[in-house]
Peer 1: 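Quick one: the structure is below, questions incoming.
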There are 2 protein chains.
Amino acid sequence: MGRPRAFDEERVLDAAMRAFWAGGYEGTSTRDLCEATGLDRSSVYNAFTSKHELFKRALARYLDAMTATQAEILGDVGRPAGERVRALLARIIDDEFRCRGDGPSIGCLSVNTTVELAGHDEEISRLLDRDLRRRLDALQAVIEEGLRAGDIVSGRDPATLARYLNAVIAGIRVSAKGGAGRADLEAIAATALDTLIR
Amino acid sequence: MGRPRAFDEERVLDAAMRAFWAGGYEGTSTRDLCEATGLDRSSVYNAFTSKHELFKRALARYLDAMTATQAEILGDVGRPAGERVRALLARIIDDEFRCRGDGPSIGCLSVNTTVELAGHDEEISRLLDRDLRRRLDALQAVIEEGLRAGDIVSGRDPATLARYLNAVIAGIRVSAKGGAGRADLEAIAATALDTLIR
DNA sequence: TCAGTTCTGGATCAATCGGTGCAAAATGGA
DNA sequence: TCCATTTTGCACCGATTGATCCAGAACTGA
């Protein structure tokens with residue numbers, strides 16, 4: 001009952017996500033969001049309550065999609081654990097170049113949001129925290145598997161190695177935003193794995 | 001001649017720097033800057049032309065100070081090169097906790113600005129680029145020294161190792177913003193050095 | 001002491017911000 | 001067909017944005 005929506009909510013969320021991704025939270029106005037989604041402001045507010053709420057939805061969608069993709073790569077039981085970690089880094093580098101124009105990468109919405117809002121916005125911080133835990137857990141599981149199988153070798157404990165890899169991933173993404181080329185990023189990733197895989 | 005300024009320009013720049021550091025460029029209004037510096041708006045505009053120009057000055061000041069401090073640590077000829085790299089990472093972790101309140105670290109203005117403005121703002125990008133080159137050069141010089149002396153060991157070339165360390169530093173800073181504790185950051189740094197120092 | 005110059009404080013500017021009010025439009029159920 | 005309900009487009013809200021204007025204060029050199 002009632003007038004049906006003229007838009008697909010998931011498409012709108014995707015468009016909003018891309019807008020926030022490119023412009024940041026503060027840097028993206030509600031007018032920008034309307035242009036990106038094709039909706040009018042009243043429709044946006046009717047469907048998503050507020051800019052902040054829309055951002056939460058868009059960020060959660062991004063985190064879910066991103067972490068699911070990464071978990072899929074890390075959970076590929078057909079390959080050795082070390083190779084899965086290597087494939088994850090390769091995928092991340094691909095992503096940095098997939099939707100890049102002529103300028104530097106737009107980076108990763110998770111890193112962008114951590115830098116912009118962690119510590120200022122409690123709700124957003126919670127979303128990021130929860131996602132970070134999931135990613136660390138997935139990394140740690142693969143590392144434990146690799147240590148047992150012997151294709152990952154390190155004197156460090158799995159939780160530390162997971163934290164380390166997560167930091168390297170963030171570092172790769174910041175480097176990409178800073179203008180590093182594909183070869184640079186691949187060299188960083190390869191060097192990072194020298195400690196784990198031999 | 002003319003009425004003398006009632007403020008010290010360097011102090012004002014420091015205050016503005018801290019405000020931008022904590023709030024980001026978009027997130028810090030000219031009113032915020034006035035509150036942080038104690039100046040009136042007309043004084044700010046009279047002395048620094050515009051918000052953007054003030055940000056450039058504050059960022060340049062930050063980059064100069066930060067990179068000079070790091071170059072000093074890396075140039076300490078009394079210690080082995082590997083130890084200098086280790087000291088640099090220790091110093092960076094200290095910084096993340098030095099001016100942290102109860103919440104997560106405010107991070108690094110260079111990383112914050114790279115994430116927020118690189119690709120959107122050409123002038124700022126140039127400042128960041130120039131600083132990145134200086135930092136990479138300083139890192140590469142120490143690494144070459146360490147490789148010659150033998151206390152740094154790696155099959156990778158010095159430029160790659162410098163890029164790698166720079167990415168690790170960015171990763172540590174993002175991790176700090178994401179709420180990682182001191183022990184976490186130290187473990188990340190120690191793991192990162194496993195590839196270089198043995 | 002006064003002219004010339006610079007700086008300061010407060011009012012003010014147009015533009016934009018996030019958000020709302022309202023009437024017309026579009027549906028399903030009665 | 002008409003009512004209840006929801007969405008849509010457009011005008012509009014007060015607040016805030018970056019920036020400017022201007023009168024007066026504070027200094028130097030003549």
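Predicted, not measured: the structure shown is a model, and the values here were computed from it. Every chain is numbered from 1 and lettered A, B, ... according to where its sequence line falls, protein lines coming before strand lines. Basis for what follows: all heavy atoms, side chains included, without hydrogens, waters or symmetry-related copies.
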Peer 1: Where along nucleotides 21-30 of chain D does protein come under 4.0 Å, by heavy atom, of base (B) or sugar-phosphate alone (S), with - for untouched nucleotides?
Peer 2: B--BBBBS--

Peer 1: Would D194(B) and T191(B) count as having a side-chain donor-acceptor pair, cut-off 3.5 Å?
Peer 2: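 Side-chain D/A pair, D194(B) to T191(B): absent.
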
Peer 1: Hey, does the Lys NZ or Arg CZ of K51(B) hover above the aromatic six-ring of Y25(B), less than 6.0 Å from the centre and inside 45° of the axis?
Peer 2: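 The answer is yes; both the distance and angle limits are met.
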
Peer 1: Quickly work out the R5(B) CZ to dT8(C) P distance and round it to whole Å.
Peer 2: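 That distance rounds to 7 Å.
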
Peer 1: Side-chain heavy atoms under 4.5 angstrom apart, residues restricted to Ile, Leu, Val, Met, Phe, Trp, Tyr: same cluster for V111(A) and I169(A)?
Peer 2: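 No, it is not one cluster - the side chains of V111(A) and I169(A) are not joined through contacts under 4.5 Å.
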
Peer 1: Distance check needed: dT7(D) C1' versus D8(A) CG, whole Å only.
Peer 2: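 These atoms are roughly 16 Å apart.
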
Peer 1: Side chain of R31(B), heavy atoms from C-beta onward: which of dT8(D), dG18(D), dT8(C) has the nearest atom to it?
Peer 2: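 Selected nucleotide: dG18(D).
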
Peer 1: Can you list the residues that meet the side chain to side chain donor-acceptor pair (under 3.5 Å) rule with T37(A), with sequence neighbours excluded?
Peer 2: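 For T37(A) there are no side chain to side chain donor-acceptor pair (under 3.5 Å) partners, ignoring immediate neighbours.
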
Peer 1: Using heavy atoms to find the nearest nucleotide of DNA chain D for T49(B) and S43(A) separately, return the residue whose nucleotide is more 5′.
Peer 2: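 This one resolves to S43(A).
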
Peer 1: Using whole Å, what does the distance between atom P of nucleotide dC17(C) and atom CD of E35(A) come to?
Peer 2: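 Spelled out: CD on E35(A) to P on dC17(C) is 11 Å.
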
Peer 1: Taking the basic N atoms (NZ, or NE/NH1/NH2) and the acidic carboxylate oxygens, is any pair closer than 4.0 Å for D129(B) and R133(B)?
Peer 2: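 No, no charged N to carboxylate O under 4.0 Å.
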
Peer 1: Just checking F7(B): base, sugar-phosphate only, or nothing, at a heavy-atom cut-off of under 4.0 Å?
Peer 2: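 Sugar-phosphate, no base atom in range.
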
Peer 1: Distance under 6.0 Å and angle within 45° of the ring axis: does K56(B) meet both against F48(B)?
Peer 2: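 No cation-pi geometry.
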
Peer 1: Distance check needed: dT20(D) C1' versus K51(B) NZ, whole Å only.
Peer 2: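 That distance rounds to 17 Å.
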
Peer 1: Please report the distance, rounded to the nearest Å, between CD in E26(B) and C1' in dG18(C).
Peer 2: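 The answer, rounded to whole Å, is 15 Å.
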
Peer 1: Would you classify A47(B) as touching base, sugar-phosphate or nothing, given that sugar-phosphate means primed atoms plus P, OP1 and OP2, and contacts are heavy atoms under 4.0 Å?
Peer 2: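 Counting heavy atoms under 4.0 Å across all strands, no contact is made by A47(B).
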
Peer 1: Round to the nearest Å and state the distance from N46(A) atom CG to dA25(C) atom C1'.
Peer 2: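 The answer, rounded to whole Å, is 14 Å.
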
Peer 1: What integer distance in Å separates L39(A):CG from dG18(C):P?
Peer 2: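 Rounding to the nearest Å, CG of L39(A) and P of dG18(C) are 16 Å apart.
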
Peer 1: Rounded to whole angstroms, how far apart are CZ on F48(B) and C1' on dT20(D)?
Peer 2: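 Between C1' of dT20(D) and CZ of F48(B): 18 Å.
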
Peer 1: Hey, are N46(B) and S43(B) close enough side-chain-wise for a donor-acceptor pair under 3.5 Å?
Peer 2: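 Side chains of S43(B) and N46(B): no pair found under 3.5 Å.
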
Peer 1: Check whether any side-chain N or O of S29(A) sits under 4.0 Å from OP1 or OP2 of dT16(C), and answer yes or no.
Peer 2: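 Negative; the distance criterion is not met.
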
Peer 1: Can you tell me if T30(B) touches the phosphate of dG18(D), counting only side-chain N or O atoms and a distance under 4.0 Å to OP1 or OP2?
Peer 2: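 So the side chain of T30(B) is within the cut-off, an N or O lying under 4.0 Å from OP1 or OP2 of dG18(D).
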
Peer 1: Need to verify one output field. Residue with the more 5' nearest nucleotide on DNA chain C, H52(A) or D40(B)?
Peer 2: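 Per heavy-atom nearest nucleotide, the more 5' residue is D40(B).
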
